[in-house]
S.K.: 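Have a look at the structure that comes next, please.
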Amino acid sequence: MMLIPTHHFRDIERKPEYLQPEKCVPPPQPGPVGTMWFIRDGCGIACAIVTWFLVLYAEFVVLFVMLLPSRDYVYSIINGIVFNLLAFLALASHCRAMLTDPGAVPKGNATKEFIESLQLKPGQVVYKCPKCCSIKPDRAHHCSVCKRCIRKMDHHCPWVNNCVGENNQKYFVLFTMYIALISLHALIMVGFHFLHCFEEDWTNQQQAYGLPRQGAAEARISMEKKQPLKVRSTECSSFSPPTTVILLILLCFEGLLFLIFTSVMFGTQVHSICTDETGIERLKRKHQPREHRGSWKAVKETFGGNFSLNWFNPFSRPCDPEPLNDRAWVRQVASLSDTDNTETTEEQSEERKDEDSVEVIDE
């Protein structure tokens with residue numbers, strides 16, 4: 001966090017001459033509808049590739065180590081369908097979160113003409129981001145990775161190589177939910193697989209040698225000293241036992257790690273939606289008065305209308321945000337001469353000093 005000198009705490013004053021328009025490049029022409037949004041960040045691209053690799057690794061182990069070699073076809077078909085469906089929805093949610101404009105503010109619109117068109121009145125002020133030369137509407141924050149101001153920005157997540165904001169928060173929530181579900185599903189299947197294979201191997205050994213339980217140890221030693229009898233294959237894996245164990249242990253580690261991580265992220269995002277407070281606002285502990293929407297209304301706007309299966313569909317869009325009108329760019333501030341609110345005004349002024357300099361990036 002970097003502090004701006006006191007006399008610069010307002011990026012744009014009410015008078016256009018404070019704007020320094022010569023330092024702002026006019027905004028580019030809007031691209032065609034449906035233009036793909038993609039952040040060219042090396043770390044974010046690497047994290048996104050690792051995310052896909054880990055999901056595909058889990059897919060490989062589940063299919064070729066646990067399900068296909070199994071003789072219980074009903075078990076394999078049901079778990080295969082469930083796991084592949086969850087994996088597909090997780091990757092689809094990841095793509096939508098990564099390739100959707102999170103709510104970027106038009107870049108370079110802090111021009112003298114635009115400020116004059118707002119026709120500001122006494123007590124009104126607009127704020128400019130000195131980094132992307134944009135007028136910042138309320139609840140917008142600058143991301144140093146995306147190099148844009150994002151409306152209702154919660155945080156920047158390298159795992160999706162994008163900010164989580166007004167337009168893609170639904171997809172990020174679905175991504176964390178589906179990753180948590182496939183992690184839990186994989187851990188359960190690994191547990192059943194270990195129990196099934198050990199039990200079946202123990203039973204087959206006794207049946208092959210015709211020995212009771214206490215004779216199993218002697219039979220195992222006998223197998224090492226001489227040519228063993230033909231034992232019915234357990235077919236627990238197409239790979240050798242050491243390779244199978246290593247693959248399953250790695251899957252357990254991956255599943256446990258991502259189950260914890262994505263469950264925490266999912267709970268945090270749901271809490272932010274229900275309280276109508278982004279992660280940055282919670283971190284900065286803002287006390288600026290603003291109208292809070294009801295919890296249910298905020299949830300419906302994020303997930304796209306009344307409760308339905310579309311809430312869990314990464315291909316359905318959330319509710320379209322209200323277009324930015326002239327009033328959306330303007331903020332009302334308390335009069336500095338109001339002695340009754342001197343303490344509150346000073347606190348708000350200190351917060352405005354930091355407002356355009358805070359850069360929050362999620363790990």
Side-chain angles (χ1 to χ4, degrees), residues 1-41 100-154 156 162-163 165-168 278 280-281 284 286 288 290 320-336 348-360:
M1 182 179 297
M2 178 180 64
L3 297 181
I4 300 176
T6 305
H7 61 284
H8 286 158
F9 76 88
R10 292 182 179 179
D11 295 303
I12 297 179
E13 297 290 345
R14 187 171 63 87
K15 297 180 180 180
E17 51 264 25
Y18 287 91
L19 178 61
Q20 298 180 338
E22 66 278 1
K23 296 185 179 181
C24 291
V25 179
Q29 295 295 327
V33 178
T35 301
M36 184 178 67
W37 172 276
F38 184 76
I39 302 300
R40 295 176 177 84
D41 175 58
T100 299
D101 182 349
V105 176
K107 191 174 184 178
N109 65 348
T111 60
K112 182 177 179 180
E113 292 76 11
F114 183 75
I115 295 298
E116 290 177 341
S117 67
L118 297 178
Q119 299 180 349
L120 302 179
K121 301 178 181 178
Q124 292 181 334
V125 63
V126 291
Y127 292 90
K128 164 196 165 186
C129 176
K131 299 176 182 178
C132 61
C133 211
S134 301
I135 301 298
K136 294 176 61 175
D138 191 24
R139 306 187 72 185
H141 303 277
H142 184 85
C143 174
S144 61
V145 179
C146 298
K147 296 180 175 59
R148 297 288 293 273
C149 285
I150 307 296
R151 295 181 61 185
K152 199 181 172 185
M153 174 183 170
D154 187 88
H156 182 93
N162 201 1
C163 279
E166 188 174 50
N167 296 341
N168 68 341
T278 66
I280 294 180
E281 292 168 350
K284 295 172 65 176
K286 282 194 171 185
Q288 295 180 356
R290 66 178 178 83
D320 293 328
E322 297 180 359
L324 290 174
N325 51 31
D326 290 349
R327 295 182 58 185
W329 306 101
V330 179
R331 308 187 205 181
Q332 190 76 26
V333 296
S335 174
L336 296 177
Q348 293 177 354
S349 299
E350 289 296 325
E351 291 170 356
R352 294 187 189 103
K353 294 178 188 178
D354 302 339
E355 182 174 4
D356 298 320
S357 301
V358 175
E359 300 172 1
V360 180

S.K.: Decide yes or no on side-chain contact (heavy atoms from CB on, under 4.5 Å) for Lys128 and Cys133, but give the supporting numbers first.
M.R.: CA-CA 6 Å; Lys128 164 196 165 186; Cys133 211; 4.0 Å; yes

S.K.: Is any side-chain heavy atom of His141 closer than 4.5 Å to a side-chain heavy atom of Ile150?
M.R.: no

S.K.: About how many Å separate SG of Cys129 and NZ of Lys107, when rounded to the nearest 0.5 Å?
M.R.: 9.5 Å

S.K.: Within the 4.5 Å heavy-atom criterion, are Arg148 and Cys143 side-chain neighbours or not?
M.R.: no

S.K.: How far apart are the closest heavy atoms of Met153 and His156, and which atoms are they?
M.R.: CE-N, 4.0 Å

S.K.: Checking side chain to side chain donor-acceptor pair (under 3.5 Å) between Trp37 and each of Asn162, Asn167, Thr100, Asn168, which is the one that passes?
M.R.: Asn162

S.K.: Are the side chains of Thr278 and Arg139 in contact, using a 4.5 Å heavy-atom criterion?
M.R.: yes

S.K.: Is there side-chain contact between Lys131 and Lys147, with at least one heavy-atom pair below 4.5 Å?
M.R.: no

S.K.: Are the side chain of Ser134 and the backbone N or O of Asn109 linked by a donor-acceptor pair below 3.5 Å?
M.R.: no

